[in-house]
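Inspection log for the structure reproduced underneath, given as structure tokens.
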2 protein chains.
Amino acid sequence: MTPRFSTQTAEADAAPVPMPPRERILTAASDLFYRQGIRAVGVDAIAEAAGTNKMTLYRHFESKDALVAEYLRRLSGKSQKFWGYIEREYPDNPRKQLGVWLEAAGQDANDPQGRGCALANAAVELAEKDHPARRVIEEHKRAQRDRLAKLCADAGLDQPEMLADELFLLLEGARVCAQSIGTDSPCCRFVRMGEAIIASHDKK
Amino acid sequence: MTPRFSTQTAEADAAPVPMPPRERILTAASDLFYRQGIRAVGVDAIAEAAGTNKMTLYRHFESKDALVAEYLRRLSGKSQKFWGYIEREYPDNPRKQLGVWLEAAGQDANDPQGRGCALANAAVELAEKDHPARRVIEEHKRAQRDRLAKLCADAGLDQPEMLADELFLLLEGARVCAQSIGTDSPCCRFVRMGEAIIASHDKK
DNA sequence: CCTATATGTTACTGATCGGTACCAAATCAA
DNA sequence: TTGATTTGGTACCGATCAGTAACATATAGG
């Protein structure tokens, strides 16, 4: 199974051997949080979807907020795996890596079933600035942006920091745009826009 | 009072003559919805902040959802006024209009007190695709994007549709990025990025 | 003045929220 | 088999949710 670009939830991967309760809870919570929103989903609904009960949930997670943080931590981890996958697949070819990233990001942003980036969504939903999830979100986003900047630099592109910022914001915008307008919108031109911007940073 | 770029709430404009209840409710709701999130704010809290009570609230709005929709409709209206203001201020100078828009958008995205675009945030919070607010959001965003495209075309820039998409997504991204990473992030370079992208569409 | 309308107040509904106490059943290690 | 740990089930807690009924008080217009 090749890693996905992620920051959507997906997967469920019907297990041959039944998953332990903690795993089932995280899987169910991920699906519900992503599709319906964090505040819209109660712990009762999560426990039921996980085929267990609230007591078991609270034996594994000290609070709903902690469960939310873990949900986001998992997604951030998957995203890291995708970067690793790209590097392993196309070593010493940063231009190709950037192309693969752009394509994967575009597919993610234009998934009609998708609801954008779970971490960005969480930042919108959880306004309390001391929420345990906020650290996870900020660290993830900074890491994404920095990784992209390194890639742009390695690819020998002009003004790599600025280019990375442009691509980063473009993607963030595309994923939130898909939720407000829908995929029949600027976000469906994301890949083309990214290519054009990359081209404009190509050293002539 | 010059119109603001808006899609944040702000205002409060301590009225000399006391506002009627409906207005007070909308003002209070706007402030709370924007700062804390729609789902995080109960109708009781809104009524109290408006200096009235729940009954009066429900005499003016048939449900919380209807109040939310009206909250967003107002913001969309203010945004339209800003476009009108720009046109009136710099008629027959689309390049200047674009510059003013970019600058205002940049200030909006980088307001450290800001929480991004209220309409985009609502789209994230309200996953139900039949929510009465969704029409308002989609129409607003489409209108914004189209208005921007017209401006780029009038300004005689290259590939105006694509440029508008780029600027649109860049702004959407900047406003959501400010919430996840904070204003010390790519979003604080928004204006510079916008200028660079516009320049790259300048007919040589 | 009187009457109609708008607003305020209180109390309530039934549902759901996050979180817990308690005990029984299942599982697992020795 | 024994004994410890993990899980399931149920019932509960107090708080809050969106929304309403009933009644008292204003405020207006004639």
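Order of the sequence lines fixes the chain letters, A, B, ..., with proteins taken first and strands second; residue numbering starts at 1 for each chain.
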Rounded distance (Å) that lies between atom P of D/dA18 and atom CG of B/N53: 15 Å
Among D/dG19, C/dT9, C/dG18, the one nearest A/V43 by side-chain distance: C/dG18
Closest listed nucleotide, where the reference is the side chain of A/M55 and the choices are C/dG8, D/dG9, D/dT7: D/dG9
Toward the 5' end of DNA chain C, by each residue's nearest nucleotide, A/R59 or A/G42: A/G42
d(NZ, A/K54; P, D/dT10) in whole Å: 13 Å
Under-4.0 Å side-chain N/O to phosphate OP1/OP2 contact, A/Y58 with C/dG19: yes
Atom CG of B/D44: over 12 foreign heavy atoms under 6.0 Å: yes
Nucleotide C/dA6, atom P - distance to CZ of B/F61 in whole Å: 15 Å
Residue pair A/R35, A/D31: steps toward the salt bridge (Lys or Arg N to Asp or Glu O under 4.0 Å) verdict: CA-CA 6 Å; A/R35 283 177 17 221; A/D31 183 58; 2.4 Å; yes
Side chain of A/K64 - closest among D/dG8, D/dT20, C/dG19: C/dG19
Rounded distance in Å - CG (A/D44) to C1' (C/dG18): 8 Å
Contact under 4.0 Å: A/H60 side-chain N or O vs D/dT7 OP1/OP2: yes
From CA spacing to verdict: salt bridge (Lys or Arg N to Asp or Glu O under 4.0 Å), B/R74, B/E23: CA-CA 11 Å; B/R74 290 259 173 139; B/E23 223 56 37; 2.4 Å; yes
Separation of C/dC17 C1' from A/I46 CD1 (nearest whole Å): 12 Å
Nearest heavy-atom neighbours spanning A/L151 and A/W83: CD2-CZ3, 3.8 Å
Nearest-angstrom distance from the residue atom CD of A/E62 to C1' of C/dT20: 14 Å
Phosphate contact (C/dT7 OP1 or OP2) by B/T56 side-chain N/O below 4.0 Å: no
Sugar-phosphate, base or nothing in reach of A/R24, heavy atoms under 4.0 Å: sugar-phosphate
Verdict with supporting geometry, B/E103 and B/R192, salt bridge (Lys or Arg N to Asp or Glu O under 4.0 Å): CA-CA 10 Å; B/E103 188 64 38; B/R192 266 167 287 165; over 6 Å; no
Nucleotide D/dT10, atom C1' - distance to CG of A/L57 in whole Å: 16 Å
Distance, rounded to the nearest Å, where A/R39 contributes CZ and D/dC17 contributes C1': 13 Å
